[in-house]
Amino acid sequence: MSLFVYHQNQLYVEQVPVTHLAERFGTPCYVYSRASLENNWRAFDDAFGSHPHRICYSVKALSNIAILDLLAKMGSGFDVVSQGEWERVLVAGGAPHKIVFSGVGKTCSEIEHALEVGIACFNIESLDELARLETIAAKRGAIAPFAIRVNPHIHPPETHPGLITALKESKFGVPCDEAWKLLKRAQGNPHLKLCGLACHIGSQITELAPFLEAFDKIIRLADKAEKEGIHLEHLDCGGGVGVSYQKENVFSPAFYVETLLKKLSPRPYTIVLEPGRRVAASCGILLTRVEYLKTTTAHRFAVVDAGMNDFIRPALYSAWHDIIEVVRSSARKRAHYDIVGPVCESTDCFGKNRLLSIREGDLLAILSVGAYGFTMSSNYNSRRRPPEILVDGKKIYEIRAREEWNDLWAKERMTVPGF
Ligand SMILES: *Cc1c(COP(=O)(O)O)cnc(C)c1O
C-alpha cells in the first residue's frame, strides 16, 4: 500500500496534502512517511517469525535522529560505518548492544571508542584490522566481539558498478580462504570473541540468486568452523536488497527471509540483516518547485529549485527516479521535459524526457528518495541543505530545519582574527 496517493488530483503524504507542506516549509524539501518507514522495517522483522534474528538498519541510508528514534522504538539494531553514525544512534536512544560496526577504514580512535560504548560486533575487513582490534582490546583489558566480513566474490549482474562490493577487486571484506585463517588466528585469544560471519555484497540488488550464492559460502565456512569446534552465534547477510525505482521486479523481504531460513535449517544461528535502502527509499519524496520552463532548439527544460547538492543519485549513479506533478490537471497539455536544477554542472539533472503537464511555479515530487537522499546532500554552490519533514497520519514534524545562511560558514575563520 502506498502512502503517497492522489485525492482529487492532489498528492497526499498519508493524510497531509503536499501543497500544504510546500507552503509551510518552502522548497526544496524532503518529506517522509512514518507509516511507510515502519511498514518497510517490519516486513523484514516479521518475516523471521520465531527464528532468532536482528534487523540492523543501515544508518547511512537515512540517518536523521527522529528516524533512528522510531526504528529504535520498534526494536531495531543498527549497522554503522563511522563514529558519527553511532553517536547519532545513541543520541536517538538506540541500544549500543545492537550496533554492528562495518567499514574498511576503522581508525584506532573509533575502535577504542566503540569498545568503550560496548557495541555488539565489529565486522572485521582485514587481518591488520583484526590485529589492531586485538591490540587495543588487550590494552584496555577488554574482550572485543567480532565477526569476519567475508568477500564471497560474487558479481550481481544488474546493479550499478558503483554499488557492487563483492568482486575479487573490491576493497571490502576478506576472501573465504583468508577468512578461515582469521578464524584460526582468533581462536583462544583472550581479547577477541568471535561471534559470527558477515557479508554485504552490494546495493540495489533486485535478484535473489546473488544473495543465496553468498549465503551458501558463509554457511559452508560456518560448517567448517563448527567441525573444528569453533562456535559461531550469528550469520550476517548484510543489506543490499533492491527497491523498485523504475518498475523493476523486486522480491519481498518475506520471500528473501523464507529462502534464507530454508537454506539455514536446521542450523540454529541467529540471522542478522542490515537493510538500508529497502527500509528507507520508498518512505521519502523530495518536493521541488518549477522556476522556469526553458525551451532551446534541442530541448525543453524544466528548471527546478532542487539541485544535485540536495539529491545526487541521478548525477552520481545515473539513477532513475519517478517525477510526478503534485497537483494533476487534465486540462493542460503535456510535454516532454528534462528536469534540471540550478547547480553549475551539466550532470545536475533529475530526469530526462519526462512527460509532464507543468507551468512555472508548479510543484513536482521526486519519488523514492528516502535512502541515500538527504544523507548524500551537500552545500555545493553554497546552497543550504533542505529541511526534512516527517508526516504521521495528520501530524507534521519538522525533523530538521532548513539550514540558515550563516550555517554555511559557521566553521570558517578569517585569517586575521577580529578582521
Ligand atoms: C551500505 C551498507 C548496507 C546497506 O545497504 P543497502 O543497499 O542500503 O541495504 C549494509 N551493510 C553494509 C556493510 C553497508 O556498507
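We count ligands from 1, going down the list as the structure has it; atoms in each ligand are counted the same way. Just so it is clear, the values below take in all heavy atoms, side chains as well, and ignore hydrogens, waters and symmetry mates. What you are looking at is a predicted structure, and each value in this text was computed from that prediction instead of being measured.
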Who's the nearest protein heavy-atom neighbour of [atom], and how far?
| atom | result |
| --- | --- |
| atom 8 (O) of ligand 1 | Y372 OH, 2.6 Å |
| atom 1 (C) of ligand 1 | K60 NZ, 1.3 Å |
| atom 5 (O) of ligand 1 | H200 CE1, 3.4 Å |
| atom 11 (N) of ligand 1 | E274 OE1, 2.5 Å |

Is the shortest distance from a Lys or Arg side-chain nitrogen in [X] or [Y] to a carboxylate oxygen in the other one below 4.0 Å?
| X | Y | answer |
| --- | --- | --- |
| E134 | R185 | yes |
| K227 | D223 | no |
| K262 | E258 | yes |
| D310 | R383 | yes |
| E228 | K184 | yes |
| E233 | K193 | yes |

Cation-pi, F122 ring and K106 (6.0 angstrom, 45 degrees):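 Ring-cation test returns no.
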
Non-hydrogen atom of P275 closer than 4.0 Å to ligand 1: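 In this structure, P275 qualifies as a contact of ligand 1 - some heavy atom is under 4.0 Å.
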
Proximity flag A371 to ligand 1, non-hydrogen atoms under 4.0 Å: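 A371: no contact with ligand 1 (<4.0 Å).
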
Y317/Q204 under side chain to side chain donor-acceptor pair (under 3.5 Å): CA gap, chis, key distance, verdict: CA-CA 11 Å; Y317 305 117; Q204 183 50 14; over 6 Å; no

What I want to know is whether [X] and ligand 1 share at least one N or O pair that is separated by under 3.5 angstrom.
| X | value |
| --- | --- |
| G238 | no |
| S58 | no |
| G240 | yes |

Check each atom of ligand 1 against the heavy atoms of [X] and keep those under 4.0 Å away; list them by number with element.
| X | value |
| --- | --- |
| D79 | 3 (C), 10 (C), 11 (N), 12 (C), 13 (C), 14 (C) |
| R277 | 6 (P), 8 (O), 9 (O) |
| S102 | 13 (C) |
| R149 | 13 (C) |

Region of S203 engaging ligand 1 - heavy atom pairs below 4.0 Å: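 The answer is both.
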
R278 contact mode with ligand 1 (heavy-atom cut-off under 4.0 Å):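 Neither part.
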
Between D305 and T288, a side-chain donor and acceptor under 3.5 Å: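 A donor-acceptor contact under 3.5 Å links the two side chains.
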
Partners meeting ring pair (Phe, Tyr, Trp, His ring centres under 6.0 Å) with Y245 (sequence neighbours left out):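 So Y245 forms a ring pair (Phe, Tyr, Trp, His ring centres under 6.0 Å) with H321.
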
